[in-house]
> 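Before I ask anything, here is the structure I am working with.
These numbers come from a predicted model, not from an experiment. Throughout, residue positions are numbered sequentially from 1 according to the sequence presented.
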Amino acid sequence: MKNCIMERYLFLSFILFYSYISAQAQVDIIVDLNSIHKVGDIDIFEREKWITTHAVTEGHDWKEDLDKLKYLTQDLDVYFGRSTGLLQYYSTLIEEDPNKKGYANLKSIQEVAAKYKRNHALRTDIHSLQKGDIIRAAQQQPYFPNGESAMKNGNWFFSTENTESKPIGTASAEYQAHFINHFYGDGGKSGAKRPTYYEVMNEPLWPYIDMEMHGEASIKDLFTYHKTVADVLHREVKGIQVGGFCTAFPDLDKNGFNQWEERWKLFIDEIGPSMDFYTIHLYDFPIYGKKELYRKGGRNEATMDMIEHYNFLKYGEVKPWIISEYGAQTHNLNRSGWSSLRDWYNVEAFNAMLMQFLDRPNTILRAIPFGIPKAEWGFNKNENVPYTSRLLRKKGEPKRYTGDWVWTDFISFYKQWSEVKGKRLFTTSSDVDVQVQSYLEKNELFLILNNIDEKEQRVHLQLKGDYKIVSQSLKRLYLKKEKTAYAQEASKAIVEEVVLRKGETVVLKYIFNETIQPKTLVQEYKQYAKEFKLPITNEVMSFSFDPPNDIRNVKETAKLRLGIGRDKSVSSFPVKILLNGQILDLIKDYRGDMQKDRDYFFSLLEIPFNSDLLKVGENTIEVFFDEEGGFITSIALIYYTQN
């Protein structure tokens, strides 16, 4: 009997302890149905900016699968996109100017362009399906003029002249300007719509510098080439916006932040004024040998804040972004053919990163999850495996590359976001690892939750506002037995709690019995400090901010954002932070992982505080570490006004 009592006591103790831990671990989400959240001039969900695909309507990928193109664009409301291959293909058809060595023949360009536009005019089946401003980008070859890659099937090369009057890339830039002016129309029978955005080169430094491919090149020449192309296009092409430098795998912290100094800082210093926007590619490496190397979470935040902060101090503005590729690189699985698990790593990254990008609606122009429709050009004949990141696959895969084309699990990402629209509401999460966004469209609320923690999260939901819920439904995207799982569920009872699996995203749709018209506007402000990239010492580090833009009617909630890059042998957290002399409560948690498999720690710490601590005049931050080494790479304040 004694043993039974003891066992019961231990059991009850375990239950109480577990309940206590669970209660402690609860994440609170609060959605204010009466408050619109505006960042800069943006307070809506811009589908053409966020729900995009790395594809275009023209070409061969959709010719035999027009039903899938219609499903993607009409049923799922997806927008295009980005293209990097068109210029490269047509370069094989263009003749050299007989009177100007190393320059394209304008008549040849016009003849090839006219044929291209005639063919496009005949494709009436796709004209109504062309949605969104296409980002056009040039590949590395044959455009960078180092005498390595030729035009017109090896017949001629772009001029390598590099003088003050004709800096490196002038001949190539003039060809690109002619291409844009002559190959495009206004859509439909006039020709494919002229691009609004143009990337000078797709991932220039990775092949030329990191991998030493495509012949000789230097960072300086590659960057100067960007300026040459931008200057020519701005002069010759009406309304074009030009950007770069399209970093493949940005590791600003590499070699003690030498990569920052040698690449992004140099690019901003010398080429920044010629760019209308900066472009970057952000990829997780979830299965890289025995390592997991993530960018989602704090690393992305620290990377983007560092570039924004420096550009702001240098030029007085935050340069707009285009995230022209994002997702996952699945190294260990790439040679084994298609798998649902491989797709999962991508859609997990799509959701996690998109939730971050949505916090920058005023500075991000477009964000493109990387997935090519069929990508048969990327089939590896030597290893007999198809390209990895695809929207479509052969039904027989992975055993055989045969059968009809069917959707990969990438389509689940678009299914999950297919209905989201509306005004952005002011929404908060008590845990940085549970990312949240919410949008209101008349009587419909879309609440999106994403878990980037290493463990399951129990989330409590609170809607502020006296409105009656008529119905609720959920779209869930998660990993189940090493396969991508997508499920749609209707709920008869009001959902007050959601358990999020590791990596899971849930879109909840609420329908109310009336149209909701929020009366309050919450305006978000972000201010960067006057100081930037300070070495961490064991003495006080001080940062100052200009007076707030608008401190009237400030909401209680505010945040400090602190970018930190340090060796793994020292603490990733400061021991104390003061705002205007008042100690802040430190939360020892970064968004996403702690980068245990990386050689160096680089992330961004987000610290909530009461806005009463802000002053009308200059504000100061003091940061204390107990060990020196590394850098505070960026520092910003976020606060909100309410009217």
> Any idea which heavy atoms bring I635 and E531 closest together, and the distance?
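Nearest heavy atoms, I635 then E531: CG2-O, 4.3 Å.
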> Quick one: sort the F267 and F245 rings into parallel, tilted or perpendicular, breaks at 30° and 60°.
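Tilted: the ring planes of F267 and F245 meet at 30° to 60°.
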> Thinking salt bridges, do D269 and K265 make one under a 4.0 Å N-O criterion?
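A salt bridge links D269 with K265.
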> Do S91 and Y175 get their side chains close enough for a donor-acceptor pair, meaning under 3.5 Å?
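On atom types as modelled, these side chains do not qualify, holding no pair under 3.5 Å.
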> Regarding D276 and H234, is there a side-chain donor-to-acceptor distance under 3.5 Å anywhere?
yes
> Quickly, which of R299, R598, R263 forms a salt bridge (charged side-chain N to carboxylate O under 4.0 Å, His left out) with D253? Name it, please.
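Result for salt bridge (charged side-chain N to carboxylate O under 4.0 Å, His left out) with D253: R299.
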> Side chains of Y288 and Q329: donor-acceptor distance under 3.5 Å anywhere?
no
> Taking the inter-plane angle between the rings of Y600 and F257 on a 0 to 90° scale, is it parallel (under 30°), tilted (30 to 60°) or perpendicular (over 60°)?
perpendicular
> So, using side-chain contact (heavy atoms from CB on, under 4.5 Å) as the criterion, who are the partners of N643 when residues are at least two apart?
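Applying side-chain contact (heavy atoms from CB on, under 4.5 Å) to N643 gives N553, T641.
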> Could you check whether E261 pairs with K533 (Lys NZ or Arg NE/NH1/NH2 to Asp/Glu carboxylate O, under 4.0 Å)?
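A salt bridge links E261 with K533.
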> Are F545 and Y528 close enough that their ring centres sit under 6.0 Å apart?
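No, ring centres 6.0 Å or more apart.
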> Check side-chain contact (heavy atoms from CB on, under 4.5 Å) between A558 and all other residues, then give those that pass, not counting sequence neighbours.
F609, S611, Y639
> Do the rings of F179 and F183 sit parallel, tilted or perpendicular, given the 30° and 60° boundaries?
parallel
> Below 6.0 angstrom between ring centroids: does that apply to Y590 and F573?
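Yes, they do, as the ring centres are separated by less than 6.0 Å.
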> Does a donor on one side chain and an acceptor on the other come within less than 3.5 Å for T363 and K319?
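No pair is found: no donor N or O on one side chain lies under 3.5 Å from an acceptor on the other.
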> So, for F249 and F285, is the gap between ring centers shorter than 6.0 Å?
yes
> Kindly state whether the ring of Y197 and the ring of W321 have centres lying under 6.0 angstrom apart.
no
> Are Q437 and D359 linked by a side-chain donor-acceptor pair shorter than 3.5 Å?
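Yes, because at least one side-chain N or O of Q437 sits under 3.5 Å from a partner of the opposite role on D359.
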> Is the F410 to F350 ring centre distance short of 6.0 Å?
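Centroid separation for F410 and F350: below 6.0 Å.
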> Let me know which of K421, K415, K131 forms a salt bridge (charged side-chain N to carboxylate O under 4.0 Å, His left out) with D77.
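Of K421, K415, K131, salt bridge (charged side-chain N to carboxylate O under 4.0 Å, His left out) with D77 is met by K131 alone.
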> Just by distance, with hydrogens left out, do S172 and Q176 show a side-chain donor and acceptor under 3.5 Å apart?
yes
> Establish, yes or no, whether a centroid distance under 6.0 Å links the rings of Y326 and Y283.
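No.
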> May I have the step-by-step check of salt bridge (charged side-chain N to carboxylate O under 4.0 Å, His left out) for R424 and D43, ending in yes or no?
CA-CA 5 Å; R424 185 182 185 185; D43 62 3; over 6 Å; no
> After noting the C-alpha distance and the side-chain angles of D133 and K193, does the key distance pass the salt bridge (charged side-chain N to carboxylate O under 4.0 Å, His left out) rule?
CA-CA 8 Å; D133 289 326; K193 186 179 176 183; 3.0 Å; yes
> Taking atom CG of L447 and atom OG1 of T427, what is their separation to the nearest 0.5 Å?
7.0 Å
> Hey, do the aromatic rings of Y525 and Y640 have their centres closer than 6.0 Å?
no
> Are Y208 and F144 an aromatic pair by the rule of ring centers under 6.0 Å?
yes
> Test side chain to side chain donor-acceptor pair (under 3.5 Å) on R136 and S83; report intermediate values, then the result.
CA-CA 5 Å; R136 296 289 179 179; S83 169; 3.1 Å; yes
> Is the distance between the ring centroids of F446 and Y439 under 6.0 Å?
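Centroid distance Y439-F446: not below 6.0 Å, so no.
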> Got a salt bridge between K475 and E504, using NZ or NE/NH1/NH2 to carboxylate O under 4.0 Å?
no
> Assess whether a salt bridge exists between R194 and D186, defined as any Lys/Arg side-chain N lying under 4.0 Å from an Asp/Glu carboxylate O.
no
> Tell me, with the steps shown, if H281 and T247 meet side chain to side chain donor-acceptor pair (under 3.5 Å).
CA-CA 6 Å; H281 292 173; T247 317; over 6 Å; no
> Going by an N to O cut-off under 4.0 Å, is there a salt bridge joining K254 and E262?
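Salt bridge: no.
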> For the atom pair CG (D589) and CG (D433), what is the distance rounded to the nearest 0.5 Å?
5.0 Å
> Are Y310 and W264 an aromatic pair by the rule of ring centers under 6.0 Å?
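No, the ring centres sit 6.0 Å or more apart.
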> Quiz question: by atom type and distance under 3.5 Å, do the side chains of Q435 and Q356 form a donor-acceptor pair?
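No pair is found: no donor N or O on one side chain lies under 3.5 Å from an acceptor on the other.
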> Measure from the ring center of Y79 to the ring center of W50 and say whether it is less than 6.0 Å.
no
> Salt bridge or not between E199 and R82? Use side-chain N to carboxylate O under 4.0 Å.
yes
> List the steps, then state whether side chain to side chain donor-acceptor pair (under 3.5 Å) holds for T84 with N202.
CA-CA 7 Å; T84 65; N202 180 52; 5.1 Å; no
> Please check if any side-chain donor atom of E292 sits under 3.5 Å from a side-chain acceptor atom of Y294, or the reverse.
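Their side chains do contain a donor-acceptor pair, which is all the 3.5 Å distance test asks for.
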